[in-house]
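Have a look at the structure that comes next, please.
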Amino acid sequence: MPNSPEADFVLPMSAADDVIERKALRALDERALETIFGSARTANGFFDRKIPHELLEHALQLALLGPTGSNMLPMRVVFVESARAKERLKPAMSDNNRDKTMAAPVTAIVAADLQFFEHFPRLAPGRGDAMKERFAALSAGVQRAHARDNAILQMAYFIIALRAVGLDAGPMAGFDRQKVDTAFFADGRFVSLYLINIGYGDDSKARPRQPRFEAHEIARYV
């Protein structure tokens, strides 16, 4: 009897064990996990140090490796660092976020590209034209939901990547999105989602970590 298609993808046990062992060996050590999760905090203040563009782009390039739906990659980022650009951002900030944002070395505006599907011919080789046509035919509301959900997913990767390259991040939603969009995305193609203050955090201004659930409290096995 010929092998089923599924059988073609089953590794012999010894080969599977070898692959699993190699994957286990690439797990991050405790120092790396401490950098990304354990000791990391939301930054509420930063030292006055300019952040190299190369470091920001390195973190962004790492974030771009994370998975998104159909590889749509809808996140777009504007790095606000000049005094002039900060003044454009200032009117949109809530009272409790304004001063620390104005003082941060860099503030990233994380946005979603509502026309993300136009890039499928590049991002989905071999099926890009069909993917572009499929997503272009969806309603504007559904397109927006895809763009927003996947851009926020990418933002999470970006925060982790910033921590991994030695920076601190202060993500926030306390701002007027319409004002930001008017100031930075006037053509309406991009829509702002969150802001992230970025730099070398002053840990004396970090708040204590708030309580977290235990894993067993929010998960179940079925």
Taking the six-membered ring of Tyr194 as reference, does the cationic atom of Arg177 (NZ for Lys, CZ for Arg) lie under 6.0 Å from its centre and within 45° of its axis? yes
Residue pairs fulfilling salt bridge (Lys or Arg N to Asp or Glu O under 4.0 Å) with at least one residue in residues 188-214, sequence neighbours excluded: Asp113-Arg189, Glu118-Arg189
Does His119, at its NE2 atom, have more than 12 non-hydrogen atoms belonging to other residues, nucleotides or ligands within less than 6.0 Å? yes
Under a 4.5 Å cut-off applied to non-hydrogen side-chain atoms, are Val77 and Leu56 in contact? no
Linking I/L/V/M/F/W/Y whenever their side-chain heavy atoms sit closer than 4.5 Å, directly or via other members, would Leu62 and Leu55 fall into one cluster? yes
Separation between CG (Asn197) and CG (Asn97), nearest 0.5 Å, reads 7.5 Å
If you count every heavy atom of other residues, nucleotides or ligands that lies below 6.0 Å from Glu217 atom CD, does the total exceed 12? yes
Phe185 and Ile109: side chain to side chain contact (heavy atoms under 4.5 Å, CB included), yes or no, with the steps? CA-CA 11 Å; Phe185 309 123; Ile109 304 173; 3.8 Å; yes
Asp48, CG: over 12 other non-hydrogen atoms inside 6.0 angstrom: no
Looking at Ala43 and Asp168, what are the two nearest heavy atoms and their distance? CB-CB, 4.0 Å
Flag side-chain contact, heavy atom, 4.5 Å: Pro74 against Gln154: yes
To the nearest 0.5 Å, what is the distance between OG (Ser192) and CZ (Arg76)? 14.5 Å
Heavy atoms, side chains only, cut-off 4.5 Å: are Phe47 and Pro105 in contact? no
Would you call Lys50 and Val106 a side-chain contact if the rule is heavy atoms closer than 4.5 Å? no
Does Lys86 use its side chain to pair, donor to acceptor, with the backbone of Ala104 at less than 3.5 Å? yes
Smallest separation among heavy atoms of Ala111 and Ala151, with atom names: O-CB, 4.0 Å
Group every Ile, Leu, Val, Met, Phe, Trp and Tyr by side-chain heavy-atom contacts under 4.5 Å, then state whether Phe37 and Leu28 land in the same group. yes
Separation between CG (Leu114) and CZ (Arg148), nearest 0.5 Å, reads 11.5 Å
Measure from the side-chain N and O atoms of Arg98 to the backbone N and O of Met93, and report whether any donor-acceptor pair falls under 3.5 Å. yes
Side-chain donor/acceptor of Thr68 to backbone N/O of Leu73, under 3.5 Å: yes
Under the 3.5 angstrom rule, does the side chain of Tyr200 hit a backbone N or O of Gly166 as a donor-acceptor pair? no
Pairwise side-chain contact, Leu60 with Met75, heavy-atom cut-off 4.5 Å (strictly under): yes
Would you say Asp181's side chain and Val191's backbone share a donor-acceptor pair under 3.5 angstrom? no
Rounded distance [0.5 Å steps], CD1 in Ile198 versus CZ in Phe46: 8.0 Å
Spell out, yes or no, whether Val180 and Phe190 are grouped together once hydrophobic residues are joined by side-chain heavy atoms under 4.5 Å, including indirect joins. yes
I'd like to know whether Lys90 forms a side chain to side chain contact (heavy atoms under 4.5 Å, CB included) with Glu87, so could you lay out the CA-CA distance, the side-chain angles of the two residues, the decisive distance to 0.1 Å, and finally the verdict. CA-CA 5 Å; Lys90 187 175 182 178; Glu87 285 301 313; 3.9 Å; yes
To the nearest 0.5 Å, what is the distance between CD1 (Ile36) and CD1 (Ile159)? 13.0 Å
Pairs under 3.5 angstrom only: tabulate donor-acceptor contacts from the side chains of residues 120-146 to other protein residues two or more places apart or in another chain.
{"residue": "Ser139", "atom": "OG", "partner": "Val142", "partner atom": "N", "Å": "3.3"}
{"residue": "Gln143", "atom": "NE2", "partner": "Phe135", "partner atom": "O", "Å": "2.9"}
{"residue": "Gln143", "atom": "NE2", "partner": "Ala136", "partner atom": "O", "Å": "3.3"}
{"residue": "Gln143", "atom": "NE2", "partner": "Leu138", "partner atom": "O", "Å": "3.2"}

Does one hydrophobic cluster hold both Phe175 and Ile152, with members joined at side-chain heavy-atom distances below 4.5 Å? no
Atom of Ala59, atom of Ala161 and distance for their closest heavy-atom approach: O-CB, 3.3 Å
Any Val80 side-chain heavy atom under 4.5 Å of Phe184 side chain: yes
Within the 4.5 Å heavy-atom criterion, are Leu195 and Leu89 side-chain neighbours or not? yes
For the pair Ile196 and Met155, evaluate side chain to side chain contact (heavy atoms under 4.5 Å, CB included) and give the outcome as yes or no after the intermediate values. CA-CA 9 Å; Ile196 307 175; Met155 182 185 72; 3.8 Å; yes
To the nearest 0.5 Å, atom CD of Gln210 lies from atom CZ of Arg41 at 10.0 Å
Shared ILVMFWY cluster between Ile160 and Leu64, side chains joined below 4.5 angstrom? no
